[in-house]
Amino acid sequence: MWRTRAAAACVICRSLANSNYGIKRKSPLQNLHLVSRSIHHPYYPSSKFQRPPLRISIKLFSSLNRLPLRKTKLLNVKHGYQFHRNFWLARLASRLLKVRYLILGSAVGGGYTAKKTYDQWKDMMPDLDEYKWIVPDFIWELDEHIDFEKLIKALPDADDLAKLLPDFDKIGESFTSLKGFFSPGSPGETAFRATDQGYDNDKQFKKGLLGELILLQQQIQQHEEEARRAGGQYNMGSSQQKRKVSDKEKIDQLQEELLRTQLKYQRMLERLEKENKELRKLVLQRDDKGIHQRKLKKSLIDMYSEVLDILSDYDASYNTQDHLPRVVVVGDQSAGKTSVLEMIAQARIFPRGSGEMMTRSPVKVTLSEGPHHVALFKDSSREFDLTKEEDLAALRNEIEIRMRNSVKEGCTVSTETISLSVKGPGLQRMVLVDLPGVISTVTSGMAPDTKETIFSISKAYMQNPNAIILCIQDGSVDAERSIVTDLVSQMDPQGKRTIFVLTKVDLAEKNVASPSRIQQIIEGKLFPMKALGYFAVVTGKGNSSESIESIKEYEEEFFQNSKLLKTCMLKAHQVTTKNLSLAVSDCFWKMVRESVEQQADAFKATRFNLETEWKNNYPRLRELDRNELFEKAKNEILDEVISLTQVTPKHWEEILQKTLWERVSTHVIENIYLPAAQTMNSGTFNTTVDIKLKQWTDKQLPNKAVEVAWETLQEEFSRFMTEPKGKEHDDIFDKLKQAVKEESIKRHKWNERAEDSLRVIQHNALEDRSISDKQQWDAAIHFMEETLQSRLKDTESVIEDMVGPDWKKRWLYWIGRTKEQNIRNETKNELEKLIKCSEEHAAYLANDEVTTVRKNLEARGVTVDPCLIKDTWHQIYRRYFLKTALTHCNLCRRGFYYYQRHFVDSELECNDIVLFWRIQRMLAITANTLRQQLTNTEVRRLEKNVKEVLEDFAEDNEKKVKLLTGKRVQLAEDLKKVREIQEKLEAFIEALHQEK
């Protein structure tokens with residue numbers, strides 16, 4: 001009966017286990033009815049669970065014959081509690097899967113509910129399509145024709161709109177300044193009344209100075225027309241021989257009236273220019289004092305000059321595509337080209353000499369307008385006041401010094417350009433380059449290639465197709481002696497960019513027999529060269545102390561009275577340096593406007609090519625030029641110097657102690673220990689040791705210690721400087737680091753007082769003989785053994801070299817002894833017999849002992865020199881002594897007890913152990929003292945020296961070019977220069993367009 005009930009309960013349990021909410025899985029047997037478990041699994045009793053046998057196959061062995069029995073195959077029985085204990089991971093996974101399905105179902109249900117809610121709200125919204133007619137149709141089509149996003153981005157921000165508003169404070173200040181400038185009695189009011197008060201009617205306008213100039217110009221034109229008509233009538237009458245005296249007088253009268261009108265016009269023009277110059281100077285001075293509180297923009301000519309300076313630094317030989325305009329001043333030596341430049345600059349700024357070469361390098365002069373007449377160099381902030389004679393003399397001296405410094409040894413002229421800027425009221429804006437004068441013969445004191453160098457410099461500047469050539473010709477010498485005209489005609493055969501200037505016309509008028517010759521030169525008929533314009537100037541009487549004002553007065557007076565101008569051989573616009581500077585300036589700016597944009601495009605293409613080359617060759621490196629690379633290397637070097645301070649004291653002392661002992665060990669063994677060991681008793685040994693240690697400390701030891709410390713510092717510094725940094729290591733800095741290291745070490749000097757303090761410390765350390773404990777005693781023995789074994793090994797090596805290989809090496813390696821080695825070997829054998837006979841033999845052989853050894857060897861047929869016997873004895877005895885000392889050192893291991901009792905009642909004496917303990921202690925104290933000097937003083941002084949060396953190298957461009965080399969550096973340099981030139985050119989072009 002109970003079996004039937006149990007079976008029914010089991011069926012019910014199974015049905016429950018298999019149902020489980022529609023999910024099929026096997027339920028653990030622990031969940032079944034207790035009766036069901038006991039029926040199905042007899043190994044599973046109802047009262048207590050038991051572990052069933054594992055389902056594995058085991059190979060059994062008999063204890064009798066140790067042979068494997070037949071394998072038994074176990075039944076694959078599933079037990080309920082086995083699943084419960086060994087498969088808990090599966091149960092956990094099933095729980096997690098159940099949670100996942102719950103989350104997934106919740107998400108699906110929530111999404112469906114959200115969508116249903118959205119549809120309900122959408123159905124509740126009214127339909128607005130019926131009210132679309134209220135808005136016009138074009139409103140709905142606006143977004144198709146207008147991009148509102150671009151429109152919003154194009155609108156300025158609030159800050160930008162605020163910047164567009166005028167500054168009312170500055171406007172008020174400007175009105176106040178203008179009111180004061182045009183107040184009654186001021187220069188502004190005078191100029192305004194003189195030039196601008198006649199706007200009401202034409203008569204009132206002509207009463208002003210400007211109106212008078214216009215009337216004079218009209219009169220000059222009328223007189224020129226009447227003179228031409230009268231001249232034509234006079235020529236017709238002379239051909240018909242019907243000339244009348246009245247016609248001749250009329251022509252002379254017209255010519256005189258024309259000349260007077262021209263001179264009057266010239267004087268009034270100069271007067272107007274002078275007043276204009278004063279007014280501009282006053283305005284510039286007020287701006288310079290900051291009355292308007294505004295920052296003056298850089299002038300066009302200054303911006304252009306900066307571009308030329310960068311080009312000069314980029315390529316001094318002008319091999320690049322540099323076609324930017326500049327005025328190149330060329331001429332024969334002493335033709336007066338420097339004087340012409342000074343007249344244009346309105347200051348005597350160049351050094352002068354009587355017939356000798358003064359211009360030794362190209363001088364670029366940038367002329368610009370400014371409130372004060374000053375000059376300054378490109379690389380200096382000092383301003384020279386050109387109105388003071390002291391500053392003028394200083395400027396001339398500075399130019400001469402720069403020229404001489406630029407000339408290399410063995411040369412006369414230099415290709416290096418000196419850049420000078422001159423500012424002043426009324427100066428014409430342009431850039432001029434004064435070149436060394438062309439010579440026909442090389443004189444004494446000049447380099448043999450001076451003539452060719454000057455020609456190459458001149459051609460390099462003139463080959464620029466946009467350079468304006470200012471050809472200076474001396475009018476006081478024969479035209480056939482000129483060299484520069486042929487050179488200019490070669491570079492500009494069409495004369496499209498040449499302006500010819502004839503100097504010293506006053507001397508030419510006196511010396512030349514035919515004035516028409518000067519007229520032929522000015523008209524371009526005498527020379528084969530062609531030019532845009534021809535000018536005649538006078539640059540003084542030849543006196544170097546003349547001022548610019550006196551030269552101007554003399555030039556004006558000469559041309560007023562000159563027959564050349566009176567007879568119309570020269571025209572008024574062809575004379576004076578004033579007209580020359582105006583013409584050159586107009587030509588310069590015309591050429592600049594025509595060519596600057598083309599040059600900007602050329603440099604843009606060059607920049608693109610350089611950037612492409614960099615990307616292809618160095619894609620993962622930044623474009624660092626030479627200065628930036630130097631700064632990077634400088635930081636790395638300073639970091640490596642600072643790393644010296646991170647070296648541990650233990651490391652310093654170990655290196656110092658080891659190196660110092662290597663340096664002084666030979667002296668200690670040979671000059672102190674070996675001589676003292678030859679004595680017979682301990683007292684003599686200690687006395688000899690003390691004397692020799694005192695002498696060594698007084699004379700050699702401190703100096704040796706300082707040398708070791710200095711060498712150790714150098715080695716550590718070199719190690720930090722030269723050790724590779726892995727992937728970050730850049731070998732481009734190796735030459736620079738090596739040069740900095742060598743120069744820093746060369747400049748560094750150890751503190752002179754270090755030896756004196758070190759001597760006292762070492763002397764006190766060596767005087768101490770008290771070994772405090774057994775550990776120090778054992779350390780001294782170990783130190784002595786290491787030293788003696790090292791010496792013994794070296795001695796064995798020397799003896800082997802002397803006597804040759806032994807019989808093993810001769811048989812194994814098939815090598816033999818030389819004749820000298822055989823003699824040495826026989827001598828060695830004889831000397832070893834001598835030592836065996838007398839174990840307490842002295843360190844040196846007596847003469848009779850040498851004779852005995854020699855005779856014994858001769859008896860065996862070996863002829864030996866006495867010196868060879870002594871040399872061999874030295875090594876043989878040394879080996880014997882070192883072996884004996886090592887044996888004695890081993891005996892002294894137990895001698896610390898006797899040492900404490902001062903070796904009383906003991907035959908053992910260990911004074912050599914005490915000596916080596918004193919040496920060892922001195923080395924430790926010396927290393928500690930040197931380490932303190934290094935870390936506290938010398939490392940900082942070395943760091944200071946490194947900084948000074950780096951600062952010196954930073955200022956020396958030649959040194960940087962020499963130490964930082966390679967394609968990568970040069971490419972970065974070119975790329976930087978081309979970018980800078982392009983940016984400067986674009987800024988200049990923009991300013992040029994704004995000026996238009």
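Everything quoted here is computed from the prediction, not taken from an experiment.
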Please identify each residue that fulfils side chain to side chain donor-acceptor pair (under 3.5 Å) with Asn635, with sequence neighbours left out.
-> none
Side chain to side chain donor-acceptor pair (under 3.5 Å) partners of Ser361, counting only residues at least two apart | none
Restricting to non-hydrogen atoms, name the atom on [X] and the atom on [Y] that form the minimum distance, rounded to 0.1 Å.
{"X": "Met784", "Y": "Cys889", "result": "SD-SG, 4.2 Å"}
{"X": "Trp917", "Y": "Asp768", "result": "CZ3-O, 3.4 Å"}
{"X": "Ala375", "Y": "Leu420", "result": "CB-CD1, 4.3 Å"}
{"X": "Asn890", "Y": "Arg893", "result": "OD1-NE, 3.2 Å"}
{"X": "Leu964", "Y": "Val969", "result": "O-CG1, 3.8 Å"}
{"X": "Arg769", "Y": "Tyr899", "result": "O-OH, 2.5 Å"}

Consider only side-chain N and O atoms of [X] and [Y], and report whether a donor and an acceptor are under 3.5 Å apart.
{"X": "Gln970", "Y": "Asp974", "result": "yes"}
{"X": "Glu716", "Y": "Thr712", "result": "no"}
{"X": "Lys378", "Y": "Ser305", "result": "no"}
{"X": "Thr687", "Y": "Asp690", "result": "no"}
{"X": "Asn671", "Y": "Lys692", "result": "no"}

Is the gap between the ring centers of Trp777 and His782 under 6.0 Å?
-> no
Once the angle between the rings of Phe783 and Trp661 is folded into 0 to 90°, is it parallel (under 30°), tilted (30 to 60°) or perpendicular (over 60°)?
-> tilted
Parallel, tilted or perpendicular: which fits the ring planes of Phe881 and Tyr673, with parallel below 30° and perpendicular above 60°?
-> tilted
Backbone N or O of [Y] within a donor-acceptor pair of the [X] side chain at under 3.5 Å?
{"X": "Asp912", "Y": "Leu915", "result": "no"}
{"X": "Thr795", "Y": "Arg791", "result": "yes"}
{"X": "Asp391", "Y": "Phe384", "result": "no"}
{"X": "Ser643", "Y": "Asp639", "result": "yes"}
{"X": "Asn751", "Y": "Ala754", "result": "no"}

How long is the straight-line distance from [atom2] of [Y] back to [atom1] of [X], given to the nearest 0.5 Å?
{"X": "Leu713", "Y": "Leu930", "atom1": "CG", "atom2": "CG", "result": "11.0 Å"}
{"X": "Ile799", "Y": "Arg824", "atom1": "CD1", "atom2": "CZ", "result": "11.0 Å"}
{"X": "Glu662", "Y": "Leu660", "atom1": "CD", "atom2": "CG", "result": "10.0 Å"}

Using the salt bridge (Lys or Arg N to Asp or Glu O under 4.0 Å) rule, collect all pairs that involve residues 619-628, keeping only residues at least two apart or in two chains.
-> Glu623-Arg979, Asp625-Lys976, Arg626-Glu973
Quick check: are there more than 12 heavy atoms from other residues, nucleotides or ligands sitting under 6.0 Å from NE2 of His651?
-> yes
Apply the test salt bridge (charged side-chain N to carboxylate O under 4.0 Å, His left out) to residues Arg931 and Glu938: give CA-CA distance (whole Å), side-chain angles for both, the deciding distance (0.1 Å), then the verdict.
-> CA-CA 10 Å; Arg931 188 265 306 166; Glu938 301 304 328; over 6 Å; no
Charged tip of Arg382 within 45° of Phe377 ring normal and under 6.0 Å | no
So do the side chains of Thr697 and Leu766 get within less than 4.5 Å of each other, counting heavy atoms only?
-> yes
